[in-house]
Each structure stands twice: as structure tokens, then as C-alpha cells.
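What follows is a set of notes on a single structure, which appears directly below.
Protein chains get the first letters and strands the later ones, always in sequence-line order, with residue 1 at the start of each. Please read all numbers here as calculations on a predicted model, not as lab measurements.
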Amino acid sequence: MKESYFPQEIEKRWQEVWERNNVFHTPDNSDKPKYYALSMFPYPSGKLHMGHVRNYTITDVIARFKKMQGYNVLHPMGWDSFGLPAENAAMKHGADPAKWTDENIAYMTKQLKMLGLSYDWQREVTTCKPDYYKWTQWLFIQLFKKGLAYKKEAAVNWCENCGTVLANEQVIDGKCWRCDSVVEKKYLSQWFFKITDYAERLLDDLDKLDGWGDNVKTMQANWIGKSQGAILRFKVKEAEGLEVPVYTTRPDTVHGITYLVVAPEYKDIEKLTTPENKAAVEEYRANARKMTEIERLSTERVKTGVPLGTHCINPYTGEEFPLWTADYALVEYGTGAVMAVPAHDTRDFDFAKKYNLPLKVVIQNPENPSDCKDGAYTEEGVLVNSNEFNGMKNTEAKQAITQKAVDGGFGEFKTQYRLRDWLISRQRYWGAPIPVVYCDKCGIVPEKEENLPVMLPTDVDFSVVGKSPITTSKTFAETTCPVCGGKARREMDTMDTFVCSSWYYMRYSDPKNTELPFSKELVDKWLPVDQYVGGIEHAILHLLYSRFFTKALKDIGLLSFDEPFKNLLTQGMVLKDGSKMSKSKGNTVDPDEIFENYGADTARLFILSDSPPARDFDWSDAGVEGCYKFLNRVWRLVSDNQQNLIKDYKLEFPLTRENDDLARTVHIMIKEITNDISNDFQFNTVISKYRELTNAIYEWRGRKAELNDEDKNVLSFAIITLIKLMSPVTVHMSEEIWHDLGFDGSIHDQMWCKWDDNLAKASKITLVVQVNGKVKDKIEADEGVNDEELKVIALSSAKVKELIAGKEIVKTIVVPKKLVNIVVKG
RNA sequence: GCUCCAGUGGCGGAAUCGGUAGACGCGUUGGACUUAAAAUCCAAUCGGGGUUCUCCCUCGGUGCCAGUUCAAGUCUGGCCUGGAGCACCA
């Protein structure tokens, strides 16, 4: 064994050996129980960043730990390789997106291998390859046949910079999730997936996800945005037969309506406008169209609106109230019309105040009635001015008042969701073509399954502006109708990359299948994913879409489970100097440099060491240095003692006191490290325990000049156990030492260390003695003493005697093997 | 505005059940080794006060204020601060 630690040489050598020996291949057939550990697959942007390193190291350690615990572990990797950056590179540098992507994948694969990750590369999937997107297209057709994929004209989010539409989930604060430019609304005909059909199940099943953090679950629940209320229809006084339906969660306030607002885009708005008001209304609507989403949805903005000149009749009171249009009503939510109750809604209150509209109190707090002149009363209360409902609690009145509408035929109970259907078509080239054709005779028709994949054309011109490069292909558009065989045109839009990533974790179970996206048998064998690890930024996007896909594919009969990810770990960001690493800030750290200077084991150790996985991690050069020093320290411990180490060590109890203590420390560390990994993957404390054990061995060794046989056996036990415990993290160094000690085979095929409960505790305990809850003394005692004896020991303390002299002992509390608290009075 | 998460030394953080607050590391300071440096090793490191002063004693301390308890970083109620998500969603 070399005296010094040379990670670069060691790491390269073992990576080659592992690859040659196929060490990380996962067989489908095994007697062992399965475990599926998965990192969110990356976009092949060119180079790994530290966020990747953190993500993949966490999952890798989990996978290796589970493997050593006797599981057949599936730990695959792949590429989310469709998407705009490849296309942008093509437009900028004239590169072929496929080639650009392949080169990035090749480089990043090399980096992943340098990190020592235990992937089964035989299961690699790449979403931009025809053998993958063929099945994305096939799945689209299955959803289409089920009525879950459809095309409609709608107001959609348009990013001018990216030249494509976006899903609601991809608009962050009114801006494009990818390029940060302001998103506009456009009316276009687009493809959607009917995720709203699953709103209820997506919400309810969150309760089943015990292994997910509450933060992610609440974010999804908020996004789905369920609310319960009523639809109420109001007759229009000036137009016979015309009604305006509203959605409200506050039917209890219906007697307090003093006006009604429709969105500027409301479908019947022209019919509801009188000739005198037409000009003003038109102008208002034109202005609303010009505004960006951000301007329009700002809650800071003063509310504006104009009257339409018409009136509705309140069926509960017979009162008439005016109709207005105002842009605080949203056409996409509910019915696009809002009943306004200024006394009990802050928004309505603001609006009514500005335009001098009347206010009618219908709910009061009996203890503290308010006239609502200074603000809306939105708390619970009792109904007033509400005819037969007077005196009723408002929470009960919701039910009763809606029931009256149902009985009277002018309303019904209604559950409303905020979630909108998922817009999946993109006007871009580098994506999976939507496999449908347009036929003049047959309409919209899916491509025949045997004709899949619909290949992306390669005869395209990337220099075009204002339209998708795919439209420049001379060969792509023209096709024949799969039904009638006549002339037809292909759909030119491609699918959102989030469609590709909604099912990739299923493909890993059966990556080479040419008949189906995956066989039911294999997908049901491997899934759901036991542990999914990735960034919080996908809390809604990818994780919601994948849950929808899983439920839809289950309903289609392709699989038997209905939640894809049993446990989810959302790792924190990697920071440097307190802010997120980013190229624009210039505070990035290049993984390649770390590999070169310190080796992958140091990088792996450090990225896990300072913070628990879910928290943000602040990168520090001193921290890396510290981890590198620690590995040197471990290396030296082994190399200095190599002649004393016995491969087949044996411990024969009883041992001498010092040796017994060291052996116990080792057992305690096995127990605690195992528990720390099992319990939420607390790798930071795991690593502090590696250090504690190393320190303990050094300290023990420092007290011995010469080693006898027993010493050598105990030392061997301690060091070999340390190396094994470290092996999931410091994968190369552990393997190297393992072989230097004369073992055959890979350390990564060894079973995880076991502890003995009788030994995983110190032989002596420190008894804490409290008087009235304050620590007053600490006394060493034998591990085996019972509670009564502990009391006696505590009372024998000189300090305690002094403190309780002349006082009455009220009671004595004993915590077994730990603490005695003497409560005294006087 | 609503929802969720967090708040512990100079810093990252530790502390299954309520039971020794500050593990482990970083940093800092002092020392050993060295011609010197690097590397390595050893020691100290929450604050105030006391003292017979390398020992030791005492009081306070986990964002703030109450409460429950023999005992609270941990449980309950009410705040404050920071972060994240949602947001004219009727």
C-alpha cells in the first residue's frame, strides 16, 4: 500500500475495473427484494454543475447502501434531451441539434463516470432518440383515444422570445420559466391533456404520499386549488331569456349583492351592453386586451371598470342591480362573472367605494356588529337582511341558500378547481412530433401505431424567423390519411418536453422493449420508485405531470399502481457565498476542477457533509480542503497500521478495558450510521460519525506502543468496519483499501455491517443528577444498575447531600440509565 | 392576503421519547515539529460573574412573550423575523 493518498490514480483505475466487470448491472430476476432509487434525469446542457453532483451523489449513496443491505437495486440514468437549448444552439452556430445533444451527452456521461456513480448504463434512456419518442407518441395516441388529449382554441400563454406557447405551470410570475421574458396571451388552437379530469384524484391521493414533504404536497394542493361553492344564474332585466351565471364560494351573502361584474372577455358581453354604453365598454375591452398578464393580475393596481347599462334581478330579494365589466373578473375561472357583495368581500368593497356603488350588510358578528363602511366584514357571523335566512349562521346558510337555488331551478352546488388543462403542443422543432394528421375528409386522425415513430425531419432550415424550423421541411408535412388513404397534412407542433419526462422512469424498467413502452410485468415489478431525489423546482411541473400520467396510464390498463414516487427527497440548492451558483453571478465551481485537484471521493464526501440533503448547501473551498485532509487521515491510519491488520480478525470476549471500549464504539457507530441513513438520509451526521470513529481509533492507537494479538484483532475490526461504513460515500478509496488489505471481490458487493445491541452501548454510563431540574452532578456508574440503585448513587453525591440538607424530598424521578431528578421543598 | 418551511456559538450544523444544549467540522488563538514554510500533531474556543486561578464554583443562554411539566431547543397558545409557493381564483 502506498504511503500517500493519490485519488486521481486510484479512481480512474477502479472506474475501469467496475465497468469491465459490469459491477452495477441490475438483473430483472433476483431473489432479493427490489429497491428503485432514482435521480431526476438531467437536460444535457453540456457540463455537470454542482447541483447535479449533489443530486446524483445523494441517490448513489442511497442505492449503494440499499444494495449492501441486500436489495436488488435499480439505479438508472438517462437524458431529458429534447428542448429549446439544442435548437437555439442550432440557430446560433448552425449545429445539428442531434449532434450537439449527442456530444453533450458524451461529455456528461464521462463526468458521471468520473464521479463514481453506480448506474446500470445498460438501461440508459434518451428521450430524443426515435426508440424512445416512438413510445412517447404511442402514449399520446392512447391518451387521445381515451379522450384525454384534445385540441381546442383558447387563450394561451405565448413567449415571443422562445417562439412558442407555454403551459400554465411554465409561467412564473407572468414570465417564461426558461428565458424569463414576459408572456403574452394569444388565442390559438392548441393541444391539451385533460389533467383537470384528474384534479380530484391528484388532490385526494396526496394524502397517500407519506414519503413526500408537506411543502411539496401543499404546493400541489394550492396549484390544484379546489374550492366548493355554487353556480347561481341571474335573469337579465333588459334581455328576455338571457341569464348570467356566476360562481361563488359565498352563497350565504347572496342577499347583499349590489352589482355584478363580467370579465372584459365574457362571451355574452355585447348582448349585455346597452347602445349608450357601447363605446365606453369597447374602449375598456380594448385596453384590457393590450395589458400584459402581469399588469392585469397585479393586486396592487387600482380596480377599474365600466357599467354595461343593463341589470340583473336577484331571485332571492327581487332587487335589481347593475352589470359592470371589470378586469378583476377573470374569464378563465368559474363562469367569468362575479356577483359582487361589497359588504363582505374586500375586492368588491374597493371597487364599490371607487364607483360609489351601494353596500348592503347581510352578515354580522352579533357581539360586535359593523356597518362595513370602513371595510368588508369577511369573518363568520349570523345572517341579517336575508328574509327567511335571518338568524342563521353563515356557514349553514351556504348550504340552505344554494339548496333554494337548486329547488328553484336557478343554481346548483359546484366544485371548482384552479388547475387548467395541460397545454402540450409547442411550435418548435426539437421535440417529439405530435403523431396526428389532418385530413379534409376524416378530420383530426391519429397516425397508425405501426407507422410510429413519426420521425423528426432532418431537411430543415434553422435560420427561419417567426416560425418553427419544422415547417421548412419539404418532406414532413405531406402524408396520407391513416383512415381513408387520401392526401393529408401532418401536425407541425411537437410535444412539450415535460411529456417525455412524465414517463421515463417507467421506461427504465424495460428500456429495450420494441413492442411496447414497457411490459406490464416489469413496470409493475420495479415501480413505484422507492426513492426519488431531485430539486424543489419540480414540485409542481414534473411531479404533477408524472402523477397525472401514472393515473391515466393505470386507467388505460398499462400498469397497476397509481402513484409513481413513493418517497420524494427534494434536495436543497448548492450555494456559494450565500447565493445560488450561477454563471451570471460568476460564483460557480466546476466539478472537473474538483475531480482533478481532490478526486471524486472528496467531492462526494464534501457535498454530503455540511448540510442535511433537504437544506441548502453552502460550498466552501475550506470545506473541500477539510474533507480531503480527512481522507488523507483515514489513508494514513490504514497505511501506518497495515502490518498490524488481520483480514480474518476474531474478537474473543471478554476483552481488556481499552479494547472493549473501542469495540463498543465501533458497534455504536454501526448502529448510529445505519439509523442516520435510514432516517431521512442524514448524511451530514453520518459523516461526522466517520470522523468520530476515525478519531477514536487514532486515540486508541496513540495509547499503545506495542500491539499484542488481541489489540491487532480489535484494530482490524475497527478499521475494516470503518472502511465498509464509508464505502457508499468514498467509493474508490474504500475499494482500494479493501484490496490492499488482501480481500478479493469488490467491497461494493459486501453486506452492510451489523451491530450487536449488547455491545452498541458504553460499558459505563454517566448518571446525571439534578436537583429541582437543574444539573448538579455527574457520576459514573455501571451500565447494569437498576433504578433503585441509581437513586442511592444520586443521594450519595456530596454535592447533592449539601443541597438537600434540611429540605423535604417531594419526589424523585429516575430515567433509567440516564438521570435522577430530586425534587425538594423548603 | 392565504399556505408551507425555518430561526440554536464567529460560521455550517448536532441533540430517537421532553431528560447533560452546542456532537462533528470550518474558522480563530496558542503550542510542538522545522533553518523556514507546507503538511502533520496537541490544546483552547457560548456569554457574564467569582475564585484558593492549567483545578474549580456560580448565574444566564436555543427569535420574543406566556403556559403545561419534576424537567422544554423539543409540547401548547400568541407574536416577531427570514425563505419558499400561490394569489383580484369570486
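- Here the separation of B:C86 from B:C75, taken at their P atoms, is 29 Å to the nearest Å.
- Using a 4.0 Å heavy-atom cutoff across all strands shown, A:Lys414 reaches no nucleic acid atom at all.
- Nucleotide B:C11 carries an anti base; the chi torsion (O4'-C1'-N9-C4 or O4'-C1'-N1-C2) is more than 90° from 0.
- Using modelled atom types, no side-chain atom of A:Trp177 and backbone atom of A:Leu166 make a donor-acceptor pair closer than 3.5 Å.
- Nucleotide B:G7 forms a Watson-Crick or G-U wobble pair with B:C80, both donor-acceptor distances falling under 3.5 Å.
- Of the nucleotides present, B:C46 is the one that pairs with B:G60 by Watson-Crick or G-U wobble criteria, both distances under 3.5 Å.
- Nucleotides B:G78 and B:U68 have their C1' atoms positioned 15 Å apart, rounded to a whole Å.
- B:U54 is unpaired under the criterion used here, namely a Watson-Crick or G-U wobble arrangement in which both key atom distances are under 3.5 Å.
- For B:C33, there is no paired nucleotide, since no Watson-Crick or G-U wobble pair has both relevant distances below 3.5 Å.
- Of the possible polar contacts, one joining the A:Asn786 side chain to the A:Glu789 backbone as a donor-acceptor pair under 3.5 Å is found.
- The existence of a salt bridge linking A:Arg289 and A:Glu265 is excluded, since no basic side-chain nitrogen approaches an acidic carboxylate oxygen closer than 4.0 Å.
- Using a 90° window around 0 for the glycosidic torsion, B:G9 falls inside it and is classed as syn.
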